[in-house]
Amino acid sequence: MEADSVRINELVRYLKDGIVNTDVNDSVEYESHEPSDDDECQPTSDCYTTDSSSQDSSIYESDVPFDLSEWLIIDSRSNRRRSPLILEFLRLLLEKPRYSSYASYTNSSLGIFQIYKPNEVATLWARVRSRQSSRVMSYDKFARAIRHYYQYSAMIKTNSRYTFQFGTVTSGIEDRNNHIS
DNA sequence: CACCCGGAAGATCA
DNA sequence: ATGATCTTCCGGGT
């Protein structure tokens, strides 16, 4: 619990700042460049059988061209590129017009947004994360990760389907972690 | 029904 | 080895 909130605090600063410059277009190249051995092709997590039972389109994920680099965050502490935390992922997703069919704000000033393609978003999350797992990332698990943030008020429950709200994190969590010194 | 909720425990990565 | 951040599974509720 309090273990979580330590790291959350950094996240909070990111969220509070608004959107971090995700522009990797410039020359933000640090000498610690990754060898990029297995950056894009995961044998297991990459192939998803299109269970087109719920979606109208049988084509999944080829919808929008995937570019991992646009999802990476430059960690302010280590100056290294890393995959985003889930809330960072959400912010990134929402700010990309190309993904407006996946999810978008229904009230941007309040930070309320809706996911239109839960399966695609979950799949995208798994790709962005490029984490080792033999299991498929489902919307259910994706949503569970978001729910963890309710306890920190980093996210707020809504009563609507596929709808979440970014919380007013700046008031709840910082107090807890002012003892960093 | 498909989602939403949140506990509990396991997994992954820095 | 340890902590942060999920991931996985699940029973109960809407």
Query - Apart from Leu110(A) itself, residues in the same hydrophobic cluster as defined by side-chain heavy atoms under 4.5 Å - result: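 Leu110(A) clusters with Ile112(A).
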Report task. Record whether the side chain of Arg161(A) comes under 3.5 Å of the base of dA2(B) through a donor-acceptor pair of N or O atoms. Result ->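 Counting by modelled atom types and ignoring angles, no donor-acceptor contact under 3.5 Å is found here.
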Report task. Take Trp125(A) and Arg147(A), find for each the nucleotide of DNA chain C with the closest heavy atom, and name the residue whose nucleotide sits nearer the 5' end. Result ->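 Comparing both residues, the 5'-ward one is Trp125(A).
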Between [X] and [N], is there a contact of a side-chain N or O with OP1 or OP2 at under 4.0 Å?
{"X": "Tyr162(A)", "N": "dA2(B)", "value": "no"}
{"X": "Lys141(A)", "N": "dC10(C)", "value": "no"}
{"X": "Ser133(A)", "N": "dT8(C)", "value": "yes"}

Requested in this report: Indicate, with a heavy-atom threshold strictly under 4.0 Å, whether Tyr150(A) touches base, sugar-phosphate, or nothing.
Outcome: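 Answer is sugar-phosphate: Tyr150(A) comes under 4.0 Å of backbone atoms only.
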Query raised in the report: So what does Arg144(A) touch, heavy atoms closer than 4.0 Å: a base, only the sugar-phosphate, or nothing?
Result: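 Base contact.
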Requested in this report: Report yes or no: do Ser69(A) and Asp67(A) form a side-chain donor-acceptor pair below 3.5 Å?
Outcome: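 Side-chain D/A pair, Ser69(A) to Asp67(A): present.
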**Report entry** Euclidean distance, atom CG of residue Asp140(A) to atom P of dC1(B) [Å, nearest integer]
**Finding:**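 About 15 Å, once rounded to whole Å.
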Query raised in the report: Considering the terminal five base pairs at each end of the helix from dA2(B)-dT14(C) to dA14(B)-dT2(C), what angle separates the two local helix axes, rounded to 10°?
Result: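 Helix axis angle between the two ends: 30°.
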Query raised in the report: Which one of Arg81(A), Arg80(A), Arg82(A) satisfies the salt bridge (charged side-chain N to carboxylate O under 4.0 Å, His left out) criterion with Asp75(A)?
Result: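 Among Arg81(A), Arg80(A), Arg82(A), the one meeting salt bridge (charged side-chain N to carboxylate O under 4.0 Å, His left out) with Asp75(A) is Arg82(A).
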Requested in this report: Indicate if Phe89(A) and Ile156(A) have the same hydrophobic cluster label, given that clusters are the connected sets of ILVMFWY residues with side-chain heavy-atom separations under 4.5 angstrom.
Outcome: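 The answer is no; the residues belong to distinct hydrophobic clusters.
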**Report entry** Closest to the Arg131(A) side chain, choosing from dT8(C), dC3(B), dT12(B)
**Finding:**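 Looking only at side-chain atoms, Arg131(A) lies closest to dT12(B).
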Query raised in the report: Cation over ring, Lys96(A) on Trp71(A), under 6.0 Å and within 45°?
Result: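 Judged by the rule (NZ or CZ under 6.0 Å from the ring centre, within 45° of its axis), Lys96(A) counts as positioned above Trp71(A).
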Query raised in the report: Parallel, tilted or perpendicular: which describes the rings of Phe142(A) and Tyr139(A), with under 30° parallel and over 60° perpendicular?
Result: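 Aromatic pair Phe142(A)/Tyr139(A) classed tilted.
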